Amino acid sequence: MIELILAEKLKMAVQELYQQQIDDKQIQIQETKKEFDGDFTIVVFPFVRLAKKSPEQTAQQIGDFLLHSTEEISDFNVVKGFLNLVISSDFWLTYLKNQENIKKIGFKEPTSESQTILVEYSSPNTNKPLHLGHIRNNLLGYSVAKILKAAGNKVYKTNIVNDRGIHICKSMLAWQKWGNNITPESANKKGDHLVGDYYVLFDKEYKKEINALVATGMDEDIAKKEAPLLKEAQEMLRKWEAEDSEVRELWKTMNDWVYKGFDVTYKKLGVDFDKIYYESDTFKLGKTEVMRSLKENTLYQKEDNSVWADLTNEGLDHKLLLRSDGTAVYMTQDIGTAILRHNDYKFNNHVYVVGNEQDYHFKVLKILLKKLGYNWADNLFHLSYGMVELPEGKMKSREGKVVDADDLIDKMVKTATEMSKELGKLNEMDANEAEKINYTTALGALKYFILKVDPRKTILFNPKESIDFNGNTGPFIQYTYARIQSLLRKAKEQNISYSAKLNIDITDKEKNLIKLIYKFEQVVQEAAQKYSPALISNFTYELAREFNQFYHDTKVLVESDNNKKEFKLTLSDTIGQVIKNAFSLLGIDVPNRM
RNA sequence: GGCCUCAUAGUUCAAGGGAUAGAACAAGAGUUUCCUAAACUCUAGAUUCAGGUUCGAGUCCUGGUGAGGCUACCA
């Protein structure tokens with residue numbers, strides 16, 4: 001890496017010129033800003049004191065030294081305390097030429113030293129269909145897994161399905177009461193949507209009961225607990241845990257409807273998993289662990305038989321782990337799941353892609369696991385992402401205030417289709433192929449829209465404004481890729497074969513493009529370190545924008561100098577491959593034409 | 001009340017303590033006898049407020065204001 005060479009030479013320079021040792025922390029090598037000449041910039045302010053000279057003089061001195069001692073440096077200039085180094089064209093051309101396997105450009109293969117990383121994402125509840133918030137989760141999880149893998153780790157994607165609990169009992173109860181044996185087939189509706197309808201219905205009826213009780217003079221908080229529907233749902237959960245056959249039967253039937261629906265949505269989104277865990281399988285281990293710790297007095301039991309952890313020493317509250325009726329809560333099963341997974345994979349690192357509303361939950365989970373004696377809990381990492389909000393606020397499934405995942409995807413496809421029709425892009429193509437491309441573009445727009453934002457930040461989504469297809473968008477980058485492929489097809493038609501060249505003059509723009517290709521691998525590493533697909537998005541956008549400018553001012557195929565023409569084709573081809581690879585990390589496909 | 005996030009053009013997003021705070025959309029003005037105009041070029045427009053640390057702060061610290069989240073025998 002050229003930056004490392006520069007850093008070493010800089011150390012030598014300071015040693016030679018000022019007889020001082022410097023450590024890595026003082027070394028600041030950054031890319032030179034566009035408005036200045038150069039490729040890399042050394043910030044010399046930290047050395048001014050050692051040099052006992054002005055920043056300009058110091059920079060000049062170090063620059064002189066580096067120019068003479070480093071073959072990669074062809075020139076330098078000084079602006080205030082900034083030493084701008086120019087790297088020779090030769091270096092960049094050689095770099096491009098040395099890319100032998102461009103299909104894998106930027107990606108690292110796992111080795112025996114590689115870390116095993118689990119990425120948990122999706123984690124759906126089986127009582128309602130997926131909405132835009134889940135889309136963000138799924139896209140983030142899938143992308144982070146891809147990025148970690150590309151950075152050289154062994155990665156397994158897992159999904160814990162929250163298939164048991166009071167929430168699913170609510171849907172079941174409502175269906176039992178008011179469903180008249182309706183099925184997805186008879187209703188001609190996706191199973192997850194059908195079950196979701198009954199979840200909403202439960203809430204509606206539940207609220208009616210609360211209001212009725214409040215009208216009799218009962219306090220609202222008490223009414224919430226005393227409403228007969230809730231009591232029935234709780235009774236159903238007890239029966240479920242006692243393995244009552246009738247309840248289990250209904251539970252299995254309705255969950256299967258939901259899974260069928262989820263599979264369709266997952267497929268549309270292009271996400272998948274290496275292993276699916278079910279809470280109904282893991283909660284028992286959680287309960288066993290809790291009971292064990294209770295015996296060991298790490299936990300305590302109240303008079304009503306509920307089991308608690310005292311976390312006041314950690315500055316937190318008391319946390320419930322088993323209800324007074326003995327049933328498990330969310331935390332109980334998550335303890336079980338974590339232990340099971342550690343047994344299964346012996347992971348070095350376990351990333352949980354879960355919304356930031358659960359920050360407290362994961363803080364507690366780690367503490368509890370350590371209390372139970374599992375020191376690997378330190379290796380759990382909660383990738384806490386921001387919510388997707390609507391202009392009127394948070395999405396709420398119970399109240400039906402959501403942007404449904406399936407609806408949104410369909411709408412995007414419709415918009416993409418209209419757009420390509422309007423632009424007359426796919427007119428000569430057969431309908432099947434055109435449909436495929438519209439789909440690719442639609443999902444590219446949606447995925448990029450979500451993933452370009454820093455995961456930690458809240459996303460505001462306005463359903464009234466459609467997601468853009470122009471500017472800093474997925475389709476913009478897909479379009480760039482398609483144009484490159486078109487260029488390469490034309491070259492092929494003209495029987496031009498090409499390879500990278502040395503010893504030619506290249507423009508600044510071309511050098512910048514090679515620099516961006518060079519940077520890709522580092523961007524992947526950084527994205528892996530920060531769990532941030534947004535870094536990949538931003539990088540790819542910059543690359544596409546730079547390429548479009550190059551494409552606009554240079555005509556590749558009419559270039560008279562054959563060496564230059566071949567270089568430009570190689571450059572374009574490589575950039576196309578970088579775009580493709582980068583987008584694959586976001587789970588976005590690139591079309592050969594659009 | 002306590003704890004945790006966040007705050008940048010009209011809007012949606014960028015900016016590892018470093019140079020003149022970048023883009024896109026929207027607004028306005030242009031570019032097609034030329035490899036795809038879903039492109040390219042130009043104009044106008046922003047760091048919530050008050051302090052502090054630093055040679056240097058959008059970035060770090062303190063406080064104020066505003067928004068969101070958590071603080072459930074929901075998940």
Side-chain angles (χ1 to χ4, degrees), chain A residues 28 30 32-36 41 43 45-46 48-49 55 79-82 84 123-125 127 162 164-168 170 224-225 234 279 302 304 306-308 315-317 320-325 327 329-331 333-334 355-361 363 384 386-387 389 393-394 398 416 419-420 422-423 425 441 445 449 452-454 456-462 465 467-480 482-491 494 526 530 534-535 537-538 541-542 544-545 548-549 551-559 568-569 572 593-594:
Chain A
Q28 284 184 65
Q30 49 197 239
T32 303
K33 298 219 168 189
K34 283 217 178 101
E35 53 270 36
F36 301 97
T41 296
V43 183
F45 289 110
V48 169
R49 240 173 246 161
V79 181
K80 291 190 264 180
F82 299 93
N84 300 321
S123 330
N125 292 336
N127 61 332
N162 296 302
R164 48 130 258 141
I166 192 80
H167 56 288
I168 176 68
K170 288 176 183 175
K224 278 181 183 166
K225 286 179 184 163
Q234 285 168 338
E279 188 183 321
K302 283 192 183 170
D304 64 2
S306 56
V307 179
W308 296 75
L316 302 172
D317 251 329
L320 175 86
L321 291 173
L322 288 179
R323 295 188 185 98
S324 50
D325 63 8
T327 56
V329 293
Y330 178 44
M331 185 61 79
Q333 71 82 14
D334 245 8
N356 62 14
E357 56 192 352
Q358 292 191 37
D359 285 354
Y360 182 74
H361 173 81
K363 203 171 165 185
S384 163
M387 300 285 98
E389 284 186 9
K394 207 186 162 188
R398 266 173 302 181
M419 192 149 308
S420 67
E422 214 170 281
L423 294 169
K425 289 282 183 182
T441 323
F449 173 81
K452 77 170 180 186
V453 182
D454 184 319
R456 290 174 302 124
K457 293 201 175 167
T458 306
I459 289 184
L460 184 82
F461 177 79
N462 189 344
E465 295 167 18
I467 295 174
D468 263 317
F469 284 71
N470 298 323
N472 185 359
T473 67
F476 168 87
I477 296 167
Q478 290 172 319
Y479 178 67
T480 308
R483 287 214 293 194
I484 292 173
Q485 300 319 304
S486 168
L487 178 65
L488 298 177
R489 274 196 302 274
K490 291 234 156 66
Q494 298 176 25
E526 201 186 338
K530 296 189 176 161
L535 296 178
S537 312
N538 293 341
Y541 175 63
E542 193 189 348
R545 206 158 47 90
N548 276 332
Q549 288 165 8
Y551 183 90
H552 187 260
D553 345 296
T554 341
K555 296 295 165 231
V556 175
L557 294 173
V558 297
E559 170 68 57
K568 284 174 186 181
L569 282 165
S572 304
R593 54 188 89 214
M594 67 183 268

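The structure presented is a predicted model; accordingly, all values stated were derived computationally and were not measured.
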- Message: Across nucleotides 20-26 of chain B, 5' to 3', mark each nucleotide with B, S or - according to how protein heavy atoms within less than 4.0 Å reach it.
- Response: S--SSS-
- Task: Go along nucleotides 66-75 of chain B 5' to 3' and tag each nucleotide: B for a protein heavy atom under 4.0 Å from its base, S when only backbone or sugar atoms are that close, - otherwise.
- Result: --SSSS-BSB
Below the 4.0 Å mark, does [N] have OP1 or OP2 next to a side-chain nitrogen or oxygen of [X]?
| X | N | result |
| --- | --- | --- |
| K33(A) | rA15(B) | no |
| Q28(A) | rG17(B) | no |
| R489(A) | rU36(B) | no |
| K555(A) | rC35(B) | no |

- With syn defined as a glycosidic torsion within 90 degrees of 0 and anti otherwise, which applies to rU32(B)? syn
- Message: Tell me every residue that passes side chain to side chain contact (heavy atoms under 4.5 Å, CB included) with D325(A), counting only those two or more places apart in sequence or in another chain.
- Response: R238(A), R323(A), T327(A)
- Task: Could you say whether L535(A) or L423(A) is positioned toward the 5' end of RNA chain B, judged by the nucleotide with the nearest heavy atom to each?
- Result: L535(A)
- F36(A) ring center within less than 6.0 Å of F82(A) ring center: no
- Sidechain N-carboxylate O distance under 4.0 Å for D304(A), K302(A): no
- Output yes when K394(A) and E389(A) qualify as a salt bridge under the 4.0 Å nitrogen-oxygen rule, no when they do not. no
- Query: What nucleic acid atoms does A534(A) come within less than 4.0 Å of, heavy atoms only: base, sugar-phosphate, or nothing?
  - Reply: nothing
- When we call it a touch if two heavy atoms are under 4.0 Å apart, what does S384(A) touch: a base, just sugar-phosphate, or nothing? nothing
- Query: In terms of the angle between their ring planes, are F461(A) and F449(A) parallel, tilted or perpendicular, with boundaries placed at 30° and 60°?
  - Reply: perpendicular
When the distance from [atom1] of [X] to [atom2] of [N] is rounded to whole Å, what number comes out?
| X | N | atom1 | atom2 | result |
| --- | --- | --- | --- | --- |
| L316(A) | rG2(B) | CG | P | 17 Å |
| Y551(A) | rC40(B) | OH | P | 12 Å |
| R456(A) | rC13(B) | CZ | P | 14 Å |

- Query: Hey, is F45(A) stacking on rG18(B)? Ring centres under 5.5 Å, planes under 30°.
  - Reply: yes
- Query: Which nucleotide in the list rA14(B), rU12(B), rU41(B) gets nearest to the side chain of V453(A)?
  - Reply: rA14(B)
- Spacing of the P atoms in rU47(B) and rA57(B) (rounded, Å): 16 Å
